[in-house]
Amino acid sequence: KKFCYTKYNSSSNLWYFNYDEKKKLFKSKKLTEGTSIFEMPVISPDGKGIAYVNKGNISKMSINGDSIKQLTFSNSYCSSPSWSPNGKEIAFLSESRLFKVSSEGGTPSLITDYDVGGTAYWVTDAQIYYHKLGNRNFYIYNLVTKEKKLLVQNDSVGWMFNPQLSPDSLKLAVQWTRKIDDNLTTGVWLISLKDSSQKLLLKDFIFPLEWSK
């Protein structure tokens with residue numbers, strides 16, 4: 001006549017870590033407080049700001065945790081914030097659609113109404129990479145021409161994440177789980193944007209973060 005149950009509450013906060021070269025130690029600073037979830041942090045191109053998701057909306061703050069500003073006020077869950085290369089706008093996903101909003105705030109505008117999947121990356125001034133729902137490959141959407149194309153023409157070779165463009169804009173580093181000789185291989189791959197050739201750099205569950213200058 002009675003029923004027992006458990007209730008699960010989760011929370012997370014954002015921290016900033018700075019490496020002290022002299023002391024060879026990391027200094028840490030807690031940027032957010034509370035029992036809600038702060039997630040998907042992305043540092044701005046100039047290194048001075050952070051965009052993140054909190055309570056289903058996109059917000060931003062300074063790298064030191066000051067000047068917090070909410071950018072979206074949607075009843076639908078917003079995710080996957082990604083800064084434009086000039087730092088003036090932030091792309092994000094909501095209801096399987098791709099939007100952008102000024103990094104100073106304002107009304108979001110719709111970029112594409114396609115069935116967008118769970119991640120999007122603003123890679124160049126004119127190009128945003130995104131997954132379609134159920135799609136493994138990246139689609140490249142051109143903000144100027146409104147055209148889209150596949151990054152790799154073979155659309156069923158495996159899931160890609162974390163595209164990082166090289167400084168010369170000729171190569172893309174991705175985390176890729178793909179099938180080779182009927183075996184799944186996960187690692188960091190280089191993809192040529194000139195001829196689509198591919199090269200495995202590191203084998204393991206590894207995500208590329210950033211290129212050296």
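Using modelled atom types, one finds no donor on one side chain facing an acceptor on the other under 3.5 Å when comparing Ser59 with Gln70. In the model, Ser197 has a side-chain atom that pairs as donor or acceptor with a side-chain atom of Asp195 under 3.5 Å. Using modelled atom types, one finds a donor on one side chain and an acceptor on the other under 3.5 Å when comparing Thr177 with Thr186. Ser84 and Asp125 share no side-chain donor-acceptor pair at under 3.5 Å.
Among pairs with a residue in residues 34-62, those fulfilling salt bridge (Lys or Arg N to Asp or Glu O under 4.0 Å) read Lys60-Glu104, at least two apart in sequence or across chains.
Put simply, Val188 and Leu165 are part of two different groups of oily side chains (I, L, V, M, F, W, Y) that touch within less than 4.5 Å, one to the next. Following chains of ILVMFWY side-chain contacts shorter than 4.5 Å, one cannot reach Leu201 starting from Val174, and the two form parts of different hydrophobic clusters. Hydrophobic cluster membership is shared by Val123 and Met160, with clusters built from Ile, Leu, Val, Met, Phe, Trp and Tyr side chains linked at under 4.5 angstrom.
For the atom pair CD1 of Ile37 and OG of Ser11, the computed distance is 7.5 Å after rounding to the nearest 0.5 Å. Atom CG in Asn142 sits 13.0 Å away from atom NZ in Lys148 (nearest 0.5 Å). Here the OG atom belonging to Ser109 is positioned 5.0 Å from the NZ atom belonging to Lys100, to the nearest 0.5 angstrom. From Leu151, atom CG reaches atom CG of Leu193 across 6.5 Å, with rounding to the nearest 0.5 Å. Atoms CG and OG, from Asn18 and Ser28 in turn, are 10.5 Å apart once rounded to the nearest 0.5 Å. For the atom pair CZ of Phe17 and CZ of Phe26, the computed distance is 8.5 Å after rounding to the nearest 0.5 Å.
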Would you give me the side-chain donor-acceptor pairs under 3.5 Å for residues 204-213, sequence neighbours excluded?
unit_1, atom_1, unit_2, atom_2, d
Trp211, NE1, Gln164, O, 2.8

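Contacts of Ile63 classified as side-chain contact (heavy atoms from CB on, under 4.5 Å), with partners at least two apart in sequence or in another chain: Tyr16, Ile43, Ile50.
Judged purely by atom type and a 3.5 angstrom limit, Ser44 uses its side chain to pair as donor or acceptor with the backbone of Gly49. Counting only distance, with no hydrogens or angles, the side chain of Asn13 and the backbone of Gly34 share a donor-acceptor pair below 3.5 Å. Looking at Ser192, its side chain does come within 3.5 Å of a backbone N or O of Lys194 through a donor-acceptor pair.
Apart from Tyr5 itself, the hydrophobic cluster it occupies contains Phe3, where clustering links Ile, Leu, Val, Met, Phe, Trp and Tyr at side-chain heavy-atom distances under 4.5 Å. Applying the 4.5 Å side-chain rule to ILVMFWY residues, one finds that Leu170 remains a lone member of its cluster. Residue Tyr77 is found in a hydrophobic cluster whose other members, listed by chain and number, are Met40, Val42, Val53, Ile58, Leu71, Trp83, Ile90, Phe92, Phe99, Val101, Leu110; membership requires side-chain heavy atoms under 4.5 Å apart, directly or through intermediates.
When side chains are defined from C-beta on, Glu89 counts as touching Trp122, because their heavy atoms get closer than 4.5 Å. Contact check for Arg97 versus Ile111: no side-chain heavy atoms found under the 4.5 Å cut-off. Side-chain contact check for Ser94 versus Ser74: some heavy-atom pair is nearer than 4.5 Å. Taking the side chain as every heavy atom from C-beta outward, Lys24 and Tyr19 approach each other to under 4.5 Å.
Annotation: Tyr121 is not in aromatic contact with Tyr129 [ring centroid separation under 6.0 Å not met].
Residue Leu93 comes nearest to Ala120 through the heavy atom pair CD2-CB, 3.9 Å, listed as atom of the first residue, atom of the second, then distance. Across Leu200 and Gly187, no two heavy atoms sit closer than the pair CD1-CA, 4.3 Å. The minimum heavy-atom distance linking Ile128 with Ala91 is given by the pair CD1-CB, 4.1 Å. Minimum interatomic distance between Met61 and Ile68 (heavy atoms only, all atoms of both residues): CB-CG1, 3.9 Å. In terms of heavy atoms, Trp176 sits closest to Ile191 at CZ3-CD1, 3.9 Å. Between Tyr8 and Ser10, the shortest heavy-atom contact is CE2-CB, 3.8 Å.
A parallel orientation is assigned to the rings of Phe138 and His131, their planes being inclined by less than 30° (bins at 30° and 60°). In this pair, Phe38 and Tyr52 present their aromatic rings tilted. The plane angle is within the 30 to 60° band.
Counting non-hydrogen atoms of neighbouring residues, nucleotides and ligands closer than 6.0 angstrom, the CG atom of Asn75 reaches no more than 12 such neighbours. In the displayed structure, Lys88 atom NZ is contacted under 6.0 Å by at most 12 heavy atoms of other residues, nucleotides or ligands.
We find that Asp115 and Lys132 are not joined by a salt bridge, their nearest charged nitrogen and carboxylate oxygen being 4.0 Å or further apart.
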Check the pair Leu150 / Tyr139 against side-chain contact (heavy atoms from CB on, under 4.5 Å), numbers first and verdict last. CA-CA 5 Å; Leu150 286 168; Tyr139 274 87; 3.6 Å; yes

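Judged by a 6.0 Å distance limit and a 45° cone about the ring axis, Arg178 is not positioned over the six-membered ring of Trp159.
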